[in-house]
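Letters A, B, ... mirror the listed sequences (proteins, then strands); counts begin at 1.
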Number of protein chains: 2
Amino acid sequence: MAEGVRARRKAERPGEILQAAFEEFVDRGYAATRLEDVAARAGVTKGTIYFYFETKENLFVTMVRELSRPIHEEMEGFLADHNGTTREFVRAYLGFIYKVIAEDAHFREILRLLIAEAHRFPALVDEHDERCGTPIMEHLRQRLEEGANRGEIRSAGSLDYPQIILGPALSLSVIMLLFSDRKPVDVERYFEAHVDLVLNGLLPRNGEVS
Amino acid sequence: MAEGVRARRKAERPGEILQAAFEEFVDRGYAATRLEDVAARAGVTKGTIYFYFETKENLFVTMVRELSRPIHEEMEGFLADHNGTTREFVRAYLGFIYKVIAEDAHFREILRLLIAEAHRFPALVDEHDERCGTPIMEHLRQRLEEGANRGEIRSAGSLDYPQIILGPALSLSVIMLLFSDRKPVDVERYFEAHVDLVLNGLLPRNGEVS
DNA sequence: ATTCATTGACTATCGAGTTAGTCAATTTTG
DNA sequence: CAAAATTGACTAACTCGATAGTCAATGAAT
């Protein structure tokens, strides 16, 4: 029977260890993290980690993969759902992104780890990009292209680089990573300012009174 | 006499060690960097490092401080020099930023180290911000405010958050940090698309033919 | 002769990975 | 059903290579 105490423990342990590993890796970085501390945080001993994971590298890679999965799924879900004018779409999309950035420390911290360890784990960066980055960018690009074809937005050069449109949101992530809570940002205002810039630009619109 | 071989060596050693430290820290991150390797790269032995620097932490902090100084000075110099309409200023300023990002690996790699080690060295992040980040942002903000007062640009919310305007450039830095040369970007086109977005936005301009 | 930048051998510690052993949960047997 | 046998998640104590930091000795420059 798979209903025993053993089966349940075996099913839950890896996740518990992964969560503990996430917290330690985020605090200390890959190299400075001690597997003993991960074990202590998960309420086991170091040997148990090696029962479930081959090596420290393997633990790290698996952790990034598993903990970024829900974020990835949430994003794809949003893109699949949303309709409306391009203008509405851009606003809703950025709003969604800001919700993730501001509320989900996982997203930010995974980003930190990928940036910090990009040299040591290039394959992990690429894998993450192929699974999350590229498809989402491509999806956004397509939506914008359609909007341009319908004449709802200009066919600007930034349509080829969705990163440009999302850039200010990434900026906020980096600020939050650098300063934690030492430099609080009014995310709501920042978000509105971002949407306004992306839609209207800095130059005065015709007939607009500044 | 200050013209002896000793004096020259003593004057140059710290810089040589700092440069070697930069390269090793960038490749391996703070914790994984071995002082023996730094020494070897600088052409000395480990003891010599301890003759000039108290500890590994001290070496790291000094390195970030010293190697970010020229970037900082270059930026301040640019801001002090430049005049012209706000529109021209924005273009020139972004152009300058992109030159730094694209050509100066120091800038990007310092950013990587600050993000990676923000938890371990919060004071270093704050110091760096006070010396480089805040003044430059404030300077940019003022220029834009003046432009808005003169009616050259809209008084948009993003004027209060210059990070929003620079965000896409930071985006490019992060992309370059993550992918090194595995995902080359056409910086010239990216730059033009960025300037266009910031000035014109996505929505069609009155009387414009898409 | 003296100074002092530099060396390199040293210590002390740390931490990844290993392994023999434990004991509760399960399965088998009488 | 109860006792015995087996399993397997988990532990504790280990190895061993590595590395931050120290310091007495060196030898070139003055």
Before accepting this row, confirm whether a basic side-chain N of the pair R120(B)/D27(A) lies closer than 4.0 Å to the acidic partner's carboxylate O.
no
So, are E66(A) and R69(A) salt-bridged, with charged N and O less than 4.0 Å apart?
yes
Taking the side chain as every heavy atom from C-beta outward, state whether L67(B) and E109(B) have any pair of such atoms under 4.5 Å apart.
no
Can any side-chain N or O of R28(A) pair as donor or acceptor with the backbone N or O of R34(A) at less than 3.5 Å?
no
May I ask you to verify if any side-chain N or O of Y52(A) is less than 4.0 angstrom from the OP1 or OP2 atom of dA9(D)?
no
Which ones in residues 58-67 of chain B lie close to DNA chain D, meaning a heavy atom under 4.0 Å from one of its atoms?
none
Considering only NZ, NE, NH1 and NH2 on the basic side and carboxylate oxygens on the acidic side, decide whether R13(B) and E16(B) come within less than 4.0 Å.
yes
Parallel, tilted or perpendicular: rings of Y30(B) and F60(B) (30°, 60°)
perpendicular
Under 4.0 Å, heavy atom to any atom of DNA chain D: which of residues 14-26 of chain B qualify?
none
To the nearest 0.5 Å, tell me how far E23(B) CD sits from M63(B) CE.
10.0 Å
I'd like to know if the side chain of H194(B) pairs up with that of Y161(A) as donor and acceptor (distance under 3.5 Å, no hydrogens or angles considered).
no
Atom CG of D37(A) to atom P of dC14(C): distance rounded to whole Å?
12 Å
Tell me whether K183(A) is salt-bridged to D126(B), with the criterion being a basic N under 4.0 Å from an acidic carboxylate O.
no
On the nucleotide dT7(C), are OP1 or OP2 found under 4.0 Å from the side-chain N or O atoms that T45(B) carries?
yes
To the nearest Å, how far apart are F53(A) CZ and dG17(C) P?
14 Å
Whether the Q142(A) and E146(A) side chains hold a donor-acceptor pair (N or O, under 3.5 Å, no angle test) is what I'd like checked.
no
Collect all protein-nucleotide pairs involving nucleotides 20-25 of chain D in which both atoms are nitrogen or oxygen and the distance is under 3.5 Å.
residue : atom : partner : partner atom : Å
dA20(D) : OP1  : T33(B)  : O            : 3.1
dA20(D) : OP1  : K56(B)  : NZ           : 3.3
dA20(D) : OP2  : L35(B)  : N            : 2.8
dA20(D) : N7   : K46(B)  : NZ           : 3.0
dG21(D) : OP2  : Y50(B)  : OH           : 2.8
dG21(D) : OP2  : K56(B)  : N            : 3.0
dG21(D) : O5'  : Y50(B)  : OH           : 3.4
dG21(D) : N7   : K46(B)  : NZ           : 3.0
dG21(D) : O6   : K46(B)  : NZ           : 2.7

Whole-Å distance, R28(B) CZ to dT19(D) C1', equals 13 Å
Figure out the CZ/C1' separation between F51(A) and dG17(C), and round it to whole Å.
16 Å
Using a 3.5 Å distance criterion without hydrogens, assess whether the side chain of H119(A) forms a donor-acceptor pair with backbone atoms of V26(B).
yes
Can you tell me if R13(A) touches the phosphate of dC10(D), counting only side-chain N or O atoms and a distance under 4.0 Å to OP1 or OP2?
yes
